[in-house]
Amino acid sequence: MDTLWDNIEKLSAVCRAAGAHPPDEELKALQVGKVAEEAGEAMHALHGLKGLTTCGDDHTWSEVQNNLVGALLAMHYIDPTGAQATFGEIVHRRTRRGREAAAAA
């Protein structure tokens, strides 16, 4: 059974193969832009979910979450060998800050 990171690696490989012609640094920058695009789409879906659009779009929380997954894909694309460790370190750091804030309250 594939793990989350196995699937992220496979999707990242598809993206890399499709964008093999531009320089690597340009592709990394474009992935950061992709995160911004996905965040905008997540916000559009959230507005639709809350009935705040004028175009009559109906959306779900699943659509919001689907758009947010792009950030994990971009992390792997930018650093294929270190993304999983970096993600783990960031989550650990953030949860530590959360635990410290909860203990202080």
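All residue numbers in this chain count up from 1 along the given sequence. Only this structure's heavy atoms are used, side chains among them; waters, hydrogens and symmetry mates stay out.
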query = Would you say the side chain of Leu46 lies within less than 4.5 Å of the side chain of Leu49, judging by non-hydrogen atoms?
reply = yes
query = What salt bridge (charged side-chain N to carboxylate O under 4.0 Å, His left out) pairs are there with at least one residue in residues 28-47, not counting sequence neighbours?
reply = Asp24-Lys28, Glu25-Lys28, Lys34-Glu37, Lys34-Glu38
key: From CE (Met43) to CG (Leu52), nearest 0.5 Å   = 9.5 Å
remark   = To the nearest 0.5 Å, atom NE2 of His76 lies from atom OG1 of Thr81 at 8.0 Å
request  = Only counting residues at least two apart or in another chain, list the ones meeting side-chain hydrogen bond (donor to acceptor under 3.5 Å, both in side chains) with Thr95.
outcome  = Arg99
ask   = What residues join Leu72 in its hydrophobic cluster, counting side-chain heavy atom gaps under 4.5 Å, either direct or through other members?
value = Leu4, Trp5, Ile8, Leu11, Leu73, Met75, Phe87, Ile90, Val91
ask   = Under the salt bridge (charged side-chain N to carboxylate O under 4.0 Å, His left out) test, which residues partner Asp2, sequence neighbours left out?
value = Lys10
ask   = What salt bridge (charged side-chain N to carboxylate O under 4.0 Å, His left out) pairs are there with at least one residue in residues 86-98, not counting sequence neighbours?
value = Arg96-Glu100
Under 3.5 Å, which donor-acceptor pairs link side chains of residues 63-71 to any protein atom two or more places apart or in another chain?
from, atom 1, to, atom 2, distance (Å)
Glu63, OE1, His59, ND1, 3.0
Glu63, OE2, Thr60, N, 3.0
Asn67, ND2, Glu63, O, 3.0

ask   = Sequence neighbours excluded, which residues qualify as side-chain contact (heavy atoms from CB on, under 4.5 Å) partners of Glu26?
value = Pro22, Pro23, Leu30
